[in-house]
Amino acid sequence: MDLYEHQGKELFAKAGIPVAAGHVAYSVDEARAAAEQLGGVVVVKSQVLTGGRGKAGGVKVVKDPAAAAEAAEAILGLDINGHITRRLYIEAGVKIAKEYYFSVTFDRSAKMPLLMLTTMGGMDVEDVAENHPDALARLHVDPALGYRGFHGAQLMSKAGIPVEERKALAPLLATLYSVFEREEAMLVEVNPLVLLEDGTFLAADAKVTIDDNALFRHADVEAMRDLAAADPQEQAAREHDLAYVKLDGDVGILGNGAGLVMSTVDVIAQAGGRPANFCDVGGGASAEKISTALGIVLSDEKVNSVLFNIFGGITRCDEVAKGLLGALETTEIRAPIVVRLDGTNAEEGRALLAEAARPEITVEKTMLEAAATAVRLAKEAS
Amino acid sequence: MDLYEHQGKELFAKAGIPVAAGHVAYSVDEARAAAEQLGGVVVVKSQVLTGGRGKAGGVKVVKDPAAAAEAAEAILGLDINGHITRRLYIEAGVKIAKEYYFSVTFDRSAKMPLLMLTTMGGMDVEDVAENHPDALARLHVDPALGYRGFHGAQLMSKAGIPVEERKALAPLLATLYSVFEREEAMLVEVNPLVLLEDGTFLAADAKVTIDDNALFRHADVEAMRDLAAADPQEQAAREHDLAYVKLDGDVGILGNGAGLVMSTVDVIAQAGGRPANFCDVGGGASAEKISTALGIVLSDEKVNSVLFNIFGGITRCDEVAKGLLGALETTEIRAPIVVRLDGTNAEEGRALLAEAARPEITVEKTMLEAAATAVRLAKEAS
Amino acid sequence: MAVIATKDTRLVVQGITGREGTFHALRNRDYGTNVVAGVTPGRAGQDVEGIPVFDSVADAVDKQGANTSLVIVPPRFAAEAILEAADAGVEQIICITEGIPAHDMLEVYHYIRPRGIRLLGPNCPGALSPGIANIGIIPAEVFKPGPIGLVSRSGTLTYQIGGELAAKGLGNSTIIGIGGDPVIGTSFIDALDLFQADDQTEYIVMVGEIGGNEEEKAAEVIAERITKPVVSYIAGFEAPPGKTMGHAGAIISGSAGTAAAKKEALEAKGVPVGTNPTEAAQIVADLVAKG
Amino acid sequence: MAVIATKDTRLVVQGITGREGTFHALRNRDYGTNVVAGVTPGRAGQDVEGIPVFDSVADAVDKQGANTSLVIVPPRFAAEAILEAADAGVEQIICITEGIPAHDMLEVYHYIRPRGIRLLGPNCPGALSPGIANIGIIPAEVFKPGPIGLVSRSGTLTYQIGGELAAKGLGNSTIIGIGGDPVIGTSFIDALDLFQADDQTEYIVMVGEIGGNEEEKAAEVIAERITKPVVSYIAGFEAPPGKTMGHAGAIISGSAGTAAAKKEALEAKGVPVGTNPTEAAQIVADLVAKG
């Protein structure tokens with residue numbers, strides 16, 4: 001789960017990491033009021049779950065409440081990489097001496113948290129990594145050790161942080177790591193991490209991603225979820241514990257297991273078609289879940305045919321058949337459905353479908369044949 | 001550092017472990033007042049840093065303040081294994097259904113904390129270990145894992161704790177372990193750990209030993225130290241970071257390193273003598289420290305001769321010689337001193353002693369010769 | 001001989017009294033796996049259709065000589081279950097559970113690994129050695145014994161490829177589902193090393209998918225020390241960039257991690273890569289036919 | 001060949017800019033030890049009489065190829081210093097520091113051990129291979145090269161026995177001071193195994209003391225797999241029961257742990273035990289004379 005800047009900073013502040021004072025605003029009036037309350041120079045920032053908002057005009061430094069209102073007017077509704085700005089963060093201005101970059105990433109490859117620190121902050125870290133690789137200090141933290149003072153010392157030395165700044169920076173790095181660990185984050189990124197003119201450090205931005213699987217232990221974070229920002233179908237899928245992704249073709253895909261679903265996307269494309277979306281029902285789905293998933297796949301109006309690709313392990317194919325037939329009984333199905341069942345109880349499942357003899361359903365034996373048929377039917381319908 | 005029962009319980013209570021209400025009392029009046037304040041049945045308990053106080057008459061259950069005063073009168077001053085009772089703990093009586101035993105020990109051999117649990121509580125655990133070994137469940141906790149729920153489950157299963165009691169006992173075991181860990185204890189023992197008639201558990205006793213080397217992190221525990229109970233020489237030695245042990249012969253021993261000191265005790269005995277005490281000055285002792293150590297060794301009136309046995313590593317023998325000669329100049333030395341110097345700067349040290357030519361000092365070449373001389377001189381003086 | 005699931009396996013099922021636990025314990029036993037014990041705290045003395053239940057894995061090891069554990073418990077208890085098995089001295093742990101918090105698994109991984117304990121999974125279908133033993137949830141009826149070692153990040157894709165191979169008359173030494181979570185105990189490289197050392201295995205099929213760089217790292221190891229022929233299939237050639245495909249591991253980051261990049265890395269080391277399961281199975285069949 | 005302190009040792013001294021650190025780093029280098037680096041955070045770029053100083057052990061490993069670390073830092077920082085060295089990939093860590101909290105060492109031990117890193121100490125004098133290299137604070141002038149491996153829990157007793165042997169014209173392959181703390185990285189057994197595998201070592205002297213059961217465990221291992229002659233000395237025959245003798249390890253608990261019990265356990269496995277250093281040295285001398 002990705003957090004908005006202001007939500008990340010809420011976690012930072014709770015951990016004792018210095019951040020500027022700020023208020024969330026959903027309207028021009030709220031933005032003006034926030035600027036009035038903060039006084040002096042403020043920064044009006046778009047809150048979107050994507051990067052590059054600076055370049056897109058989503059951040060403005062202004063001198064007074066009137067200017068803040070003007071900036072809010074410009075930024076609210078702004079489209080940043082496909083994300084519409086619906087909320088702002090109005091933050092007190094600070095006097096910046098230097099801009100650094102610091103992050104803790106969950107490095108799957110090394111299976112360790114990865115610390116990155118550079119004095120070249122404020123810019124795109126991918127650029128630093130590519131164009132100034134020596135300026136980007138990297139260090140893995142062995143989880144069996146956890147973060148120790150020596151990690152900070154080593155990282156700051158590698159990044160070339162001036163010796164006289166290290167004493168002030170070290171506890172901040174340690175605390176940011178503790179946020180990563182305690183909140184079970186996949187990413188904690190501060191860019192820029194600023195050195196103020198008074199010699200102290202402050203987190204001027206916050207990109208925090210929390211592990212979805214750990215949210216049961218973090219009710220406060222779960223409560224931060226912005227339901228309005230999610231795609232309604234994806235939201236419905238999440239509520240039913242289904243993985244749903246919207247694409248832009250016309251063949252709906254329903255399968256069990258991420259790998260098989262991905263493979264199905266591939267064979268649809270190889271058969272000359274284009275997937276409209278896909279829905280992974282996971283392992284051991286019940287008939288009800290299959291019904292729900294079909295409903296979500298079909299709610300996308302672009303879908304001209306649906307491919308059911310199921311290889312049963314803990315998922316039982318007879319349950320899948322029951323779910324499909326149940327859905328046909330309760331709802332109007334407006335697109336033809338191609339079904340391929342294999343694995344656990346596949347024969348029983350196919351028998352149920354044969355018995356029902358529904359005209360909307362075509363049963364195919366192999367994945368490639370099923371893909372070809374689904375693509376053909378979609379083309380016929382368009 | 002060993003803690004009194006009431007001090008251990010203070011740590012327990014802070015961690016959320018149920019203990020009975022209680023007050024410390026140093027006099028009969030304080031004991032009576034405490035009993036009045038608690039009301040009802042109270043237990044009057046000797047606070048001594050040794051075991052076996054029950055058998056020695058150091059614990060009495062009484063019905064009212066008058067009886068509490070009577071019990072306090074009897075217990076104050078009571079000698080329990082050489083420890084004089086100077087303080088009491090007056091505790092509210094509880095309704096006990098069962099008595100268990102639980103401890104966490106720092107097991108040096110396994111290099112892991114060792115949990116022990118038995119339903120045969122209230123008695124001497126060494127007896128249980130010897131006579132009912134199957135009743136004493138033991139389990140090591142791998143420090144790389146720390147205490148987990150499965151440790152408690154496994155231990156309770158092994159010890160035969162009834163299934164219906166486990167849910168109430170499990171968190172208590174976990175918390176007692178957390179006390180062991182957080183307070184950096186070498187021992188946390190609760191005997192008995194009682195099941196009350198209402199189905200809850202309570203720590204009815206507390207034996208806690210904290211690692212001396214960790215006290216710099218535990219100022220609250222350090223403040224609990226009972227300076228009055230310590231031997232004044234041992235206390236003086238501790239203050240100067242010297243290891244001093246009082247024995248009952250007439251040869252004082254001063255050496256560097258525990259092993260060499262122990263070996264010196266051996267050779268004194270093998271030479272037909274008896275050590276009066278020994279003082280380990282440790283590694284790299286300064287002349288001042290040597291002086292101080294000599295003063296402590298000589299402050300024991302039984303000492304008839306002193307053996308200086310030094311094998312210099314980081315300890316420099318010239319520093320030792322200087323310390324010895326310095327002590328001779330500032331204080332009256334009432335017993336002959338035999339000196340054996342070897343290792344780092346031994347020649348310089350011996351040269352300094354030869355130059356000073358003090359009649360109180362005899363220099364010997366080997367450890368065995370030095371021991372023989374020290375024993376002979378002690379016998380001559382007695 | 002096969003690997004992981006062998007005739008020497010003495011299996012303890014953690015969570016045996018749960019619905020899923022009971023179902024798979026019995027299914028594995030029916031297949032011929034030596035299921036010697038189950039564990040559910042507080043249930044010692046009971047049995048699940050003849051399989052004795054203990055309070056702890058340590059008891060299952062002491063009393064039944066269990067050497068392998070199958071963990072089927074809810075995600076919030078799974079990490080501790082794995083650690084309990086490791087602490088009890090079990091040699092191999094197969095964890096089916098899906099949805100274990102990633103930080104829990106970091107801790108587990110770095111406890112398990114230096115101690116030489118094998119962990120397969122989590123969020124994996126387990127290991128099946130056709131005709132010998134099945135540990136986990138792989139539908140065994142799809143597979144038959146043979147010379148092909150099969151390792152896969154994806155459960156259903158494993159079945160798909162196994163089914164395609166079986167349709168061509170080809171069987172497997174062991175099918176290893178390594179799982180697709182961010183932190184898994186057994187990597188492609190570990191599985192390749194196991195197959196390389198296994199007498200029964202003559203060919204290796206590696207089924208990867210987009211995301212991460214495990215396939216690329218495996219390609220290096222194949223060139224370095226795997227002498228048996230390896231064929232690969234990678235899922236996700238048509239995956240849209242930046243979209244999560246369900247597995248947390250399957251996020252494209254830059255050019256590394258795309259199916260095309262993985263195919264290229266593998267082919268550079270002489271590993272043929274199919275672009276769909278049928279094609280991959282055909283490559284294997286051709287290889288076997290050539291001898 | 002010798003062990004631990006060898007001609008291949010590339011030593012980094014943690015805490016080199018401290019008074020003790022500087023003193024021993026230079027003393028070790030003067031003896032011939034290859035001291036390649038020192039570490040003090042914030043002091044990178046400086047040097048201590050030509051020994052380059054780095055901010056981290058990782059840098060000392062990267063830039064100077066350090067493979068062994070000598071830790072001479074105050075007790076409250078020592079555990080982290082050891083862990084830093086381990087994390088940086090050093091193979092051996094010798095920790096001189098006295099007074100490290102026992103719980104810190106529990107954590108250190110269980111991190112180090114499964115990862116195959118050698119830790120000597122803490123609260124030990126280090127290791128000296130006469131004529132080759134000295135790591136730590138053993139006064140090298142007392143010892144000379146020879147065929148006797150010497151391992152001891154006590155620093156000064158090590159010097160005492162070494163001195164007695166030298167007086168009889170006998171020299172040492174390596175002197176290993178394992179330290180007397182509750183948790184130490186290298187046990188008697190580890191040292192015995194090292195000496196058993198070492199070409200130069202022909203005889204082994206093991207110097208123990210009251211407390212614990214390490215000598216008893218060593219006796220078992222000697223019977224099991226040590227083929228070189230072992231002679232022992234145990235300090236504390238006259239120690240009063242229940243009195244701490246300075247070392248935290250030297251507390252008598254029951255009959256186990258007494259010097260007499262240890263002597264008995266060792267003699268039962270054919271290891272002669274002297275009752276004072278002079279007697280022990282004489283036993284060794286007689287053994288060597290016999291050939």
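Naming: A, B, ... by sequence-line order, numbering from 1 per chain.
Atom CG of Asp241(A) sits in a sparse spot, with 12 or fewer heavy atoms from other residues, nucleotides or ligands closer than 6.0 Å. Within a 6.0 Å radius of CD in Glu98(C), no more than 12 heavy atoms belonging to other residues, nucleotides or ligands are found. In this structure, Glu347(A) places its CD atom where only 12 or fewer heavy-atom neighbours from other residues, nucleotides or ligands lie under 6.0 Å away. Atom NE2 of His240(A) has 12 or fewer neighbouring heavy atoms from other residues, nucleotides or ligands inside a 6.0 Å radius.
Considering CD1 of Ile268(A) and CG of Asn276(C), their distance stands at 12.0 Å, rounded to 0.5 Å. Of the inter-residue distances, the one linking Met105(C) atom CE with Asn213(A) atom CG reads 11.5 Å to the nearest 0.5 angstrom. Expressed to the nearest 0.5 Å, how far CG of Asp181(C) lies from CZ of Arg108(A) amounts to 9.0 Å. Remark: Gln160(C) CD to Thr264(A) OG1 distance equals 8.0 Å, nearest 0.5 Å. How far CG of Leu368(A) is from CD of Glu164(C): 6.5 Å, rounded to the nearest 0.5 Å. Separating the CD atom in Glu181(A) from the CD atom in Glu107(C) is a distance of 9.0 Å, to the nearest 0.5 Å.
Between Ala269(A) and Glu238(C) the shortest heavy-atom distance is CB-CG, 3.2 Å. Heavy-atom minimum distance, Gly259(A) versus Ser154(C): CA-OG, 3.3 Å. Across every non-hydrogen atom of Met186(A) and Pro182(C), the tightest pair is CE-CG, 4.4 Å. Shortest non-hydrogen contact noted between Ser263(A) and Ala235(C) is N-CB, 4.2 Å.
Under the 3.5 Å distance criterion, with hydrogens and angles disregarded, a donor-acceptor pair is assigned to the side chains of Asn213(C) and Ser109(A).
No side-chain heavy atom of Thr366(A) sits less than 4.5 Å from a side-chain heavy atom of Thr278(C). With a 4.5 Å cut-off on side-chain heavy atoms, Asp104(C) and Arg217(A) count as touching. Put simply, the side chain of Tyr109(C) does not reach to within 4.5 Å of the side chain of Pro143(A), judged on heavy atoms. Side-chain contact check for Asp266(A) versus Tyr233(C): some heavy-atom pair is nearer than 4.5 Å. Within the 4.5 Å cutoff, no side-chain heavy atoms of Tyr159(C) are placed close to those of Leu260(A).
The greatest number of non-hydrogen atom pairs below 4.5 Å with chain A, out of Pro139(C), Pro277(C), Pro75(C), is found for Pro139(C). Of the listed residues (Lys111(A), Met367(A), Gln270(A), Met112(A)), the greatest number of heavy-atom pairs within a distance under 4.5 Å of chain C belongs to Lys111(A). For the set Ala346(A), Gly284(A), Ala185(A), the count of heavy-atom pairs under 4.5 angstrom toward chain C peaks at Ala185(A). Chain A forms more heavy-atom pairs under 4.5 Å with one residue of Ile184(C), Val142(C), Thr275(C) than with any other, namely Thr275(C).
With a threshold of 4.5 angstrom between heavy atoms, Arg316(A) does not approach chain C through any atom at all. Neither the backbone nor the side chain of Asp107(A) comes within contact range of chain C; no heavy atom of the residue lies under 4.5 Å from a heavy atom of that chain. Residue Arg76(C) touches chain A through both its backbone and its side chain, counting heavy-atom pairs closer than 4.5 Å. Interface remark: Ile137(C) contributes backbone and side-chain atoms alike to the contact with chain A (heavy atom separation under 4.5 Å). If you measure heavy-atom distances from Glu141(C) to chain A, the contacts under 4.5 Å come from the side chain alone.
Between the side chain of Thr156(C) and the main chain of Phe311(A), no donor-acceptor pair closer than 3.5 Å is present. Of the possible polar contacts, none joining the His103(C) side chain to the Glu183(A) backbone as a donor-acceptor pair under 3.5 Å is found.
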